[in-house]
Amino acid sequence: MSLTGLFLISFLLVHCSINALMFLNDDGLLFNEAAHFMASNILIRTVEIFLFLFLIIHILQSVAITRQNMKARTISYAGSSATATSKWYSRSMGILGALILVFLVIHLKDFFIPSRFTDRLGFDSNGTPDMYSEVKMAFENPAYAMIYILSMIVLAYHLLHGFQSAFRSLGIYHKKYTPVIEFLGTAFSIVVPAVFAAMPIFFLLKK
Amino acid sequence: MRLTLKVWRQKNKSDKGGFETYQLNNVDTHASFLEMMDVLNEQLVNENKIPVAFDHDCREGICGACSMVINGRPHGPLKGTTTCQLHMRHFHDGETVTIEPFRANAFPVLKDLVVDRSSFERIQQAGGYISVGTGSAPEANNIPVNKVDAEKAFDSAACIGCGACVAACKNGSAMLFVGAKVSQYALLPQGHPERNERVLNMVAVMDEEGFGGCTNTGACEAECPKEISVANIMRLNREYISAKLSVEKE
Ligand code: HEM
Ligand code: SF4
Ligand code: FES
């Protein structure tokens, strides 16, 4: 769970950095080039296989863990005050994860599959497949942009707990370094989803 | 002080159970929570009703018997105290107080507020000890232990095995308890020879008994009457991973 989660986190960092290229004022030329590189480089394609594999393992583990833990306590308290002793998102990882999965299905269907398996994409002025316009078109639809932004908020909460939890699950705890991990985790969980969420906002405002 | 009590009543293990409401009209604010329960039971006996069964022994915060969930909080709302150390001045006149047993499938309810915590004993029996006769207290400086480790081991050993960590955890996980027991030996040289078997065996029994897994919500630490730190869970994870990677089966 923790290892697959951390791998997914490293993927998010790469994904997010490339997406940030869209904010450049070049009609997406550099972004298209980067996207094309990621889609065609043999090394990246190999890592991609592992990415899907780890995502599936992460999901299978999460189902197993959530089921086992729900079985360990079947009666809840009448006088509940869970909020006093733990954060709601730390108790809701299963639901947050499931929402991310729903988002991922939509996301892959709309961006990954067309770019990889169809010839729907046009070409930009450099002759590179024009992923930029594909993204732009999708986000100019406010409803779609809204789903995307909400999903990023869900992701942020999943990471807010998950990032530092992964280190704890691996047994890493230190008086001096754990606060550093917690700080990095919080920063990552806010900045990365914020950069993703900035794309639909950027295209909506530009329109 | 007047109180309305909503108390979980359950005849036996197989009974479905439910809440009963009782009125107490003259609760002394200096009374401890258990003394208040004694007063309730006297009143019930006088009314020819069956008193509420609850666990208690030392009544001074060292035995860990007094398992109760008060207004949704194991051992009540006060930080770092057991139910027996909680006083009625922390409640206000006219308040409704909900009293339930610890909830976890590894702690089945036996009667009213009494739960069966023998699963903890079985975990302890799997490795929560050192299997050599230690005799009387040895010369203090025979085995050098550095101060930081000695203090950490002492903090872990403060666990009284009450089970509030399990009761507080949404996963009914016993990892704070097991973490404390594993840590107190892992930190000291006397515990090292049996270090790997200890953690593997204790975790195996923990899983067999039906406790859930830790997802790091931190509720256990917040409710632990001895304020055992979640650092013990991380040490448990570390000990477990390192034992898994180093023990070779014949
Ligand atoms: C980009 C996507 C994702 C990332 C970066 C991510 C990251 C993480 C991390 C780091 C953890 C903490 C692991 C630990 O404490 O050992 C975690 C836990 C978890 N993840 Fe994910 N995850 C992602 C997607 C998903 C999906 C799609 C699901 C489910 C369908 C999911 C379900 C869970 C669950 C249930 C946990 C829970 C463990 C707990 O209760 O603490 N995650 N995730
Ligand atoms: S860790 Fe704390 S809450 Fe858990 S059994 Fe020990 S003393 Fe009780
Ligand atoms: S009765 Fe012993 S700790 Fe409360």
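Worth knowing before you read on, the calculation uses all heavy atoms, side chains too, and leaves out hydrogens, waters and symmetry mates. Reminder, nothing fancy here: chain letters follow the sequence lines and each chain counts from 1.
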Chemist: Count the heavy atoms of every other residue, nucleotide or ligand shown that sit under 6.0 Å from CZ of A:Phe23, and state whether that count exceeds 12.
Modeler: yes
Chemist: For chain B, find which of A:Ala84, A:Ser76, A:Ala72, A:Ser86 contributes the most heavy-atom pairs closer than 4.5 angstrom.
Modeler: A:Ala72
Chemist: Surrounding OH of A:Tyr157 (heavy atoms of other residues, nucleotides or ligands, distance under 6.0 Å), is the total greater than 12?
Modeler: no
Chemist: Restricting to pairs with a member in residues 101-114 of chain B, which pass salt bridge (Lys or Arg N to Asp or Glu O under 4.0 Å), not counting sequence neighbours?
Modeler: B:Arg9-B:Asp112
Chemist: Measure from the side-chain N and O atoms of A:Asn69 to the backbone N and O of B:Gly212, and report whether any donor-acceptor pair falls under 3.5 Å.
Modeler: no
Chemist: Once rounded to the nearest 0.5 Å, what's the spacing between atom CG of A:Leu170 and atom CE of B:Met234?
Modeler: 10.5 Å
Chemist: Using only atom types and a distance under 3.5 Å, with no angle test, would you say the side chain of A:Arg91 pairs donor to acceptor with the backbone of B:Thr217?
Modeler: no
Chemist: Report the distance from atom OG1 of A:Thr74 to atom CG of B:Asn105, rounding to the nearest 0.5 Å.
Modeler: 3.5 Å
Chemist: Side chains of B:Val230 and A:Arg168, heavy atoms from C-beta outward: is any pair under 4.5 Å?
Modeler: yes
Chemist: Atom OG1 of A:Thr85 and atom NZ of B:Lys79: how far apart are they, to the nearest 0.5 Å?
Modeler: 10.0 Å
Chemist: Can you confirm whether B:Arg122 is buried at CZ, in the sense that more than 12 heavy atoms of other residues, nucleotides or ligands lie under 6.0 Å from that atom?
Modeler: yes
Chemist: Tell me, out of B:Glu221, B:Glu223, B:Glu209, who's got the most heavy-atom pairs with chain A below 4.5 Å.
Modeler: B:Glu223
Chemist: In terms of heavy-atom pairs under 4.5 Å, which option from B:Ser242, B:Cys220, B:Gly213, B:Pro101 contacts chain A the most?
Modeler: B:Gly213
Chemist: So which residues of residues 146-168 of chain B are in contact with chain A at a heavy-atom cut-off of under 4.5 Å?
Modeler: B:Val166, B:Ala167, B:Ala168
Chemist: Taking side chain as everything from C-beta outward and backbone as N, CA, C, O, which of these in B:Phe19 sits under 4.5 Å from a heavy atom of chain A? Side chain, backbone, both or neither.
Modeler: side chain
Chemist: Would you say that more than 12 heavy atoms from the other residues, nucleotides or ligands in this model lie under 6.0 Å from the CZ of A:Arg67, or not?
Modeler: no
Chemist: Name the member of B:Gly172, B:Ala219, B:Ala106 that forms the most heavy-atom pairs with chain A at distances under 4.5 Å.
Modeler: B:Ala219
Chemist: Which residue is it: A:Ser169, A:Ser90, A:Ser2? I am looking for the one with a side chain to side chain donor-acceptor pair (under 3.5 Å) to B:Asn216.
Modeler: A:Ser169
Chemist: Tell me, side chain or backbone of B:Arg73 under 4.5 Å from chain A's heavy atoms, or both, or neither?
Modeler: both
Chemist: Need one label for B:Pro77: side chain, backbone, both or neither, based on atoms under 4.5 Å from any heavy atom in chain A.
Modeler: neither
Chemist: Quick check on the interface: out of B:Thr98, B:Val97, B:Asn71, who has the most heavy-atom pairs with chain A under 4.5 Å?
Modeler: B:Asn71
Chemist: Suppose we screen for side-chain contact (heavy atoms from CB on, under 4.5 Å). Which residues come up paired with A:Ala64, at least two apart in sequence or across chains?
Modeler: none
Chemist: Do any of residues 171-198 of chain A come closer than 4.5 Å to chain B, heavy atom to heavy atom, and if so which ones, in number order?
Modeler: A:Gly171, A:Ile172, A:Tyr173
Chemist: If you tally heavy-atom pairs under 4.5 Å against chain A, which of B:Glu100, B:Arg235, B:Glu239, B:Arg238 wins?
Modeler: B:Glu100
